[in-house]
Number of protein chains: 2
Amino acid sequence: MGKLRENLGDYDNCGLASALEAMGERWSFMILRAAFNGLHHFEEFQAELGIARNILAGRLARLVDHGILERTALPTDRRKVVYALTEKGASLLPAMVALRQWGETWGRIESSPTLVDDRDELPIRPVALHAHDGRALRLEELRWKRTGELTELGGHREEEA
Amino acid sequence: MGKLRENLGDYDNCGLASALEAMGERWSFMILRAAFNGLHHFEEFQAELGIARNILAGRLARLVDHGILERTALPTDRRKVVYALTEKGASLLPAMVALRQWGETWGRIESSPTLVDDRDELPIRPVALHAHDGRALRLEELRWKRTGELTELGGHREEEA
DNA sequence: GATGTAGGTTGCGAATCACTACTTATATTA
DNA sequence: TAATATAAGTAGTGATTCGCAACCTACATC
């Protein structure tokens with residue numbers, strides 16, 4: 001078996017590291033969740049999450065820096081600042097929901113509100129991986145394709161004894 | 001070891017907070033990614049990620065505590081320890097891939113290897129949210145349903161000025 | 001003008017991270 | 001068998017970040 005692997009920790013080449021660079025800090029995902037739930041103001045986030053104010057200020061600034069939130073001063077009340085999800089921020093929804101579903105499935109979560117389709121109020125499907133034709137894919141059915149080479153994913157490598 | 005920090009909110013008994021409790025620390029997702037890529041040993045993780053040894057030891061112990069990795073001593077070489085993904089750990093794949101895809105889409109990632117269907121080597125679909133019948137859902141088509149009540153998601157609240 | 005509100009910043013102790021050296025147990029080699 | 005190498009950690013040490021509370025500034029309201 002080839003020893004070809006991805007170069008982990010290489011920020012230039014790894015989307016996961018890049019995502020974590022923006023979202024990997026403590027509270028970032030909870031802030032995003034609050035934003036998805038319609039919160040827009042510093043004091044709202046602070047009250048809802050119970051996060052320390054300096055930490056919240058730092059996180060919001062970072063999320064704005066990364067283009068996940070957009071910061072706008074409200075013209076009707078110049079004290080107020082609106083933090084709104086950008087398209088980039090909103091596109092984190094599948095990742096966030098996948099994480100949330102995982103937590104619900106495996107954690108001791110009692111009764112969380114469920115994400116439902118607005119049209120029929122039926123719960124959405126669990127987030128899963130799908131082939132180009134829509135088939136659901138399991139771990140064993142996946143590979144990395146790296147410009148001509150193939151690497152097994154999730155497989156066991158022999159111990160070189 | 002364990003939780004010296006306060007828990008993230010207990011935000012509505014939220015699955016997201018629960019997931020972050022297990023996976024929210026620095027390096028956890030990168031370790032998981034390495035595990036998905038077939039790494040099994042302490043030294044492999046350490047060399048690949050360049051993470052400090054004490055931090056790695058702590059993270060691995062935590063992931064084992066949370067049932068994401070399973071720790072087994074290798075009988076053929078009693079120095080070696082195998083860290084393997086559990087079912088719970090493996091079920092983080094959609095969340096991880098969603099994060100990764102987001103990072104690839106929005107970051108300045110050059111050329112990552114692509115996840116492909118093992119059967120036809122075609123790239124998998126971007127992770128997305130789907131209704132019970134398989135329709136793709138956008139943010140505007142979603143609501144929280146909370147045992148009887150409905151909460152708008154992503155909507156604007158009125159400024160109570 | 002006085003008071004309240006929104007969105008921060010500052011200081012400081014506690015907790016965590018990261019770098020390096022050390023340890024312990026096992027395996028391999030001479 | 002002794003010497004050396006390997007695997008998986010621990011321990012000591014600073015640097016960094018977190019979290020709490022108090023404070024500050026601009027604006028709005030009374």
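Within every chain, numbering begins at 1; the chains are lettered A, B, ... in the order of the sequence lines, protein sequences first and strands thereafter.
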Inset, instruction - Enter the distance from B:Ile55:CD1 to B:Leu49:CG here, rounded to the nearest 0.5 Å. - result: 12.5 Å
Legend entry - Interatomic distance where CD belongs to A:Glu43 and C1' belongs to D:dA28 [whole Å]: 14 Å
Inset, instruction - State whether a side-chain donor-acceptor pair under 3.5 Å links A:Trp106 with B:Ser91. - result: yes
Inset, instruction - Answer yes or no: does a side-chain N or O of A:Tyr83 lie under 4.0 Å from OP1 or OP2 of C:dG8? - result: yes
Inset, instruction - Return the nearest nucleotide to the side chain of B:Asn54; candidates are D:dG19, C:dA18, C:dA27. - result: C:dA18
Inset, instruction - Round to a whole Å and report the spacing from CG of B:Leu56 to C1' of D:dA7. - result: 12 Å
Legend entry - Sidechain N-carboxylate O distance under 4.0 Å for A:Arg135, B:Asp117: yes
Inset, instruction - Identify whether any heavy atom of B:Phe45 sits under 4.0 Å from a base atom; if not, whether one sits that close to sugar-phosphate; answer base, sugar-phosphate or nothing. - result: nothing
Legend entry - From D:dA8, C:dG8, C:dT26, nucleotide with atom closest to B:Lys80 side chain: D:dA8
Legend entry - Sidechain N-carboxylate O distance under 4.0 Å for A:Glu43, A:Arg53: yes
Inset, instruction - Determine the contact category for B:Asp77: base if any of its heavy atoms lies under 4.0 Å from a base atom, sugar-phosphate if only primed atoms, P, OP1 or OP2 are that close, otherwise nothing. - result: sugar-phosphate
Inset, instruction - Counting heavy atoms from C-beta on, name the nucleotide in C:dT10, C:dC17, D:dG9 closest to the side chain of B:Arg59. - result: C:dC17
Inset, instruction - Nearest-nucleotide wise, let me know which of B:Arg79 and B:Ala52 is further upstream toward the 5' end of DNA chain C. - result: B:Ala52
Legend entry - Rounded distance in Å - CD1 (A:Ile55) to C1' (C:dT9): 12 Å
Legend entry - Side-chain ion pair, A:Arg62 and A:Glu21, N-O less than 4.0 Å: yes
Inset, instruction - Check the distance between C:dA6's P and A:Leu39's CG and give it to me in whole angstrom. - result: 13 Å
Inset, instruction - Mind calculating the distance between CZ (A:Arg26) and P (C:dC17) to the nearest angstrom? - result: 10 Å
Legend entry - Residue A:Trp27, side-chain atoms from C-beta onward, closest of D:dG12, C:dG7, D:dG19: D:dG19
Inset, instruction - Would you indicate which nucleotide in D:dG19, C:dT20, C:dT9 comes nearest to any side-chain atom of A:Ala57? - result: C:dT9
Legend entry - Value in whole Å for how far the P atom of C:dG8 lies from CD of A:Glu44: 13 Å
Inset, instruction - Taking only the side-chain nitrogens and oxygens of B:Arg71, find out if one of them lies under 4.0 Å from OP1 or OP2 of D:dG9. - result: yes
Inset, instruction - Quick one: label B:Arg53 by what it contacts on the DNA or RNA (base, sugar-phosphate, nothing), any heavy atom closer than 4.0 Å. - result: base
